[in-house]
Amino acid sequence: MRYAAVALAFSALPALADCPDAPNHSARLSELITAAQIAPDEETARRLSAKMWQLWADAPDEVAQSYLDAGMSRRALYDFSGALGEFNQLVRYCPNYAEGYNQRAFVNFLRKNYDPALQDLNRAIELSPRHVAAIAGKALTLIGLGRDAEAQIVLREAVKLNPWLNERHLLTGDKPKPETDL
């Protein structure tokens, strides 16, 4: 009887093959990154970043979107354990969706679980190489791990994509400046 209940529970879960590919927003993301690179001021860049977040948070289907939204809601309520549960389900369901890894990394970062956060950020960046937020998150995670020199390299990569990132203030040495005279 117990095995039947377990089998029934697993049959109710979506199969990995059920997750479609994430929407391809690469052309629009490139436009937004280019616009951020030449943004005249921080407020304009903030609006562009918000549009980037809309693209990254556009999950492959309703099931994935529900996991993502639930995880983000739980995280906002400081229910990190619940958020991790939602993001774990999202990653299992959609293993090729970068934002699942990025969000799970953020929760682990907030919990100071830097090693699993870094693993997830590396996977998110592998899946979405121009995911500015994941790259900046990787830099912050490397700082948390005490790997400051490596963090500076990664942070410069993020700031190159979006010179207005809040994290730009963590750069040391010669700091790139946003283009303001274009």
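Atom set for the values below is all heavy atoms of this structure, side chains included, hydrogens, waters and symmetry mates excluded.
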Novice: Can you give me the closest heavy-atom contact between Asp61 and Cys19, atom names plus distance?
Specialist: OD2-CA, 4.5 Å
Novice: Less than 4.0 angstrom from a charged side-chain N to a carboxylate O is my criterion; do Glu157 and Lys160 meet it?
Specialist: no
Novice: Indicate yes or no for a side-chain donor-acceptor contact from Ser128 to the backbone of Ile125 under 3.5 Å, with no hydrogens or angles considered.
Specialist: no
Novice: Can you tell me how the ring of Trp53 sits relative to the ring of His131, calling it parallel under 30°, perpendicular over 60° and tilted otherwise?
Specialist: perpendicular
Novice: One pair to check against side-chain contact (heavy atoms from CB on, under 4.5 Å): Val132 and Trp56. What are the steps and the verdict?
Specialist: CA-CA 10 Å; Val132 180; Trp56 295 321; 4.0 Å; yes
Novice: Please determine if Arg168 and Glu42 form a salt bridge, counting it only when a charged side-chain N lies under 4.0 Å from a carboxylate O.
Specialist: yes
Novice: With a 6.0 Å cut-off on the ring centroids, do Phe87 and Tyr67 count as close?
Specialist: no
Novice: Could you walk me through whether Arg28 and Lys51 pass the side-chain contact (heavy atoms from CB on, under 4.5 Å) check?
Specialist: CA-CA 10 Å; Arg28 180 67 179 134; Lys51 290 178 182 179; 3.9 Å; yes
Novice: Mind checking the CG-CG spacing from Leu140 to Leu118? Nearest 0.5 Å is all I need.
Specialist: 12.0 Å
Novice: Let me confirm one number: the OH-CD distance from Tyr101 to Gln119, rounded to the nearest 0.5 Å.
Specialist: 11.5 Å
Novice: Shortest non-hydrogen contact from Ala117 to Asn108?
Specialist: CB-CB, 3.9 Å
Novice: At their closest point, which heavy atom of Ala22 faces which heavy atom of Pro60, and how far apart are they?
Specialist: CA-CG, 3.7 Å
Novice: Mark yes or no for whether Gln152, through its side chain, and Leu170, through its backbone, hold a donor-acceptor pair below 3.5 Å.
Specialist: yes
Novice: If every non-hydrogen atom of Ala136 is compared with every non-hydrogen atom of Leu165, which pair is closest and at what distance?
Specialist: CB-CD1, 4.2 Å
Novice: Using atom types as modelled, flag every donor-acceptor pair under 3.5 Å from a side chain in residues 77-86 to any protein atom, sequence neighbours excluded.
Specialist:
| from | atom 1 | to | atom 2 | distance (Å) |
| --- | --- | --- | --- | --- |
| Asp79 | OD1 | Gly82 | N | 2.8 |
| Asp79 | OD2 | Arg74 | NH1 | 2.9 |

Novice: Start with the C-alpha distance between Glu99 and Asn102, add both sets of side-chain angles, then the distance that settles side-chain hydrogen bond (donor to acceptor under 3.5 Å, both in side chains), and finish with yes or no.
Specialist: CA-CA 5 Å; Glu99 196 56 29; Asn102 185 51; 3.1 Å; yes
Novice: From Arg75 CZ over to Phe106 CZ, what is the distance, rounded to the nearest 0.5 angstrom?
Specialist: 5.0 Å
Novice: Judged by modelled atom types alone, do Thr44 and Asp41 share a side-chain donor-acceptor pair under 3.5 Å?
Specialist: yes
Novice: Out of curiosity, Ile143 CD1 to Glu167 CD, how far, rounded to the nearest 0.5 Å?
Specialist: 9.0 Å
Novice: Report yes or no: does Gln65 contribute a side-chain atom to a donor-acceptor pair with the main-chain N or O of Asp58 at less than 3.5 Å?
Specialist: no
Novice: Does Asn113 use its side chain to pair, donor to acceptor, with the backbone of Pro116 at less than 3.5 Å?
Specialist: no
Novice: Here's a test for you: under side-chain contact (heavy atoms from CB on, under 4.5 Å), which of Asp115, Val154, Leu121 qualifies with Thr141?
Specialist: Leu121
Novice: I'd like to know if Leu145 and Leu171 are part of one continuous hydrophobic network [Ile/Leu/Val/Met/Phe/Trp/Tyr, side-chain heavy atoms within less than 4.5 Å].
Specialist: yes
Novice: So how far is it from Gln103 CD to Tyr97 OH, rounded to the nearest 0.5 Å?
Specialist: 8.0 Å
Novice: Tell me, with the steps shown, if Ile153 and Leu142 meet side-chain contact (heavy atoms from CB on, under 4.5 Å).
Specialist: CA-CA 10 Å; Ile153 293 166; Leu142 289 167; over 6 Å; no
Novice: Nearest heavy-atom pair of Asp18 and Pro20: which atoms, and what distance?
Specialist: O-CD, 3.2 Å
Novice: Do other residues, nucleotides or ligands put more than 12 heavy atoms under 6.0 Å from Glu62 CD?
Specialist: no
Novice: Would you name the heavy atoms of Ile135 and Pro129 that are closest together and state the gap between them?
Specialist: CD1-O, 3.4 Å
Novice: Kindly compute the distance separating CZ (Arg104) from CG (Leu68), expressed to the nearest 0.5 Å.
Specialist: 13.0 Å
Novice: Go through the side-chain N and O atoms of Arg130 and Asn162 and say whether any donor and acceptor fall under 3.5 Å apart.
Specialist: no
